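Presented below is the structure to which this report refers.
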2 protein chains.
Amino acid sequence: MKTTFGEYIRYLRTKNELTLTQLAAKLDLDSANLSKIENGIRDFDEKRLPKLSRIFGIKLKKVREEYITDQIGKKIYETNCSKQLLRIAEEKAEYRKLLNRKEKAL
Amino acid sequence: MKTTFGEYIRYLRTKNELTLTQLAAKLDLDSANLSKIENGIRDFDEKRLPKLSRIFGIKLKKVREEYITDQIGKKIYETNCSKQLLRIAEEKAEYRKLLNRKEKAL
DNA sequence: TTTGACTTGTCAATTTTTGACAAAAATATT
DNA sequence: AATATTTTTGTCAAAAATTGACAAGTCAAA
């Protein structure tokens, strides 16, 4: 899905006919803050992904994928990173992996 | 260049035959912290990009590109985001742009 | 072994993010 | 329309993360 993570949560919540207050309670969160999260004003705390996963019966892996694609998408958006530069960023990520392997090889 | 931003700074610094202390002074920074930045232990503060640009006579745009590709590359690396997921992240960035346009249209 | 360059550890200060509450606004119910 | 419920917004202190600064360390060259 190409929506924000906030919209994703809202989708799950309404599909399951929960109010903000109800879901917020399950997530151990204030409903006001959940509202902000759904509206993209605040970030969802990564620590709560497992809870979200359990509440809606969605594999953690899937939820985490929604999350990290949102995070990176947000960063791309915020930095106004072109597709061209994104390729370079990708290469730099590869480079970091390489570095990491070298470090471990010590 | 597909290096980390820290390595980029180190490259510029050594090419210009500056010591950590010298460059740190120009950047209004402690040499110990600059060392950490070059070694990837700490982040370079975005606020200092203009200074960096001036010191080495490199266009701010170019320096900023080095910076954001590093930032995003780092995020891709840290989240272990596959190329496949990165495509989705890209789409989500596009989606955010769309949202933004809609908001402005109000 | 002294000097200069760099690295590492620590901690307080600053900045950013978060949680919580109150109150307003919007929506639904009667 | 009046009331109840849900959602949104604003604010602020608490918590967390980042940064700046200093001290002490290593390392290499002279």
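Just the heavy atoms: all of them, side chains too, but no hydrogens, waters or symmetry mates, feed the values below. Below, chain A is the first sequence line, B the second, and so on; all start at residue 1. Predicted model, so just to flag it, every value in this text is computed and none were measured.
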Q. If you look at every strand shown and take non-hydrogen atoms under 4.0 Å, does Asn39(B) touch a base, only sugar-phosphate, or nothing?
A.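 Sugar-phosphate only.
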
Q. Want to settle it: does Asp45(B) or Ala32(B) sit nearer the 5' end of DNA chain D, counting the closest nucleotide to each?
A.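 Here Asp45(B) is the residue nearer the 5' end.
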
Q. Among residues 65-76 of chain A, which residues get a heavy atom nearer than 4.0 Å to DNA chain D?
A. none

(Q) Could you check whether Glu90(A) and Tyr77(B), counting side-chain N and O atoms only, form a donor-acceptor pair closer than 3.5 Å? (A) no

Q. Hey, are Tyr8(A) and Asp70(A) close enough side-chain-wise for a donor-acceptor pair under 3.5 Å?
A. no

**Q.** Separation of dA16(D) P from Arg42(A) CZ (nearest whole Å)
**A.** 15 Å

Q. Does Lys2(B) NZ have over 12 foreign heavy atoms under 6.0 Å away?
A. no

(Q) If we check side chain to side chain contact (heavy atoms under 4.5 Å, CB included) with Phe56(A), which of these qualifies: Asn16(A), Val63(A), Ile9(A)? (A)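 The single option meeting the side chain to side chain contact (heavy atoms under 4.5 Å, CB included) with Phe56(A) is Asn16(A).
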
**Q.** Shortest non-hydrogen contact between Cys81(B) and Leu85(B), atoms and distance
**A.**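 For Cys81(B) and Leu85(B), the tightest heavy-atom pair comes out as SG-CB, 3.7 Å.
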
Please determine if [X] and [Y] form a salt bridge, counting it only when a charged side-chain N lies under 4.0 Å from a carboxylate O.
X: Glu66(A); Y: Lys62(A); answer: yes
X: Arg48(B); Y: Asp28(B); answer: no
X: Glu38(A); Y: Arg13(A); answer: yes

Q) Can you find a pair of side-chain heavy atoms, one from Ile88(B) and one from Glu65(A), that are under 4.5 Å apart? A)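 Side chain of Ile88(B) against side chain of Glu65(A), heavy atoms only: no contact under 4.5 Å found.
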
Q) Which parts of residues 8-31 of chain A get close to DNA chain C, meaning a heavy atom less than 4.0 angstrom away? A)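 Here the set is Asp30(A).
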
Q. Using a heavy-atom cut-off of 4.0 Å to chain B, what are the terminal contacting nucleotides of DNA chain C, in 5' to 3' order?
A. dA5(C) to dT10(C)

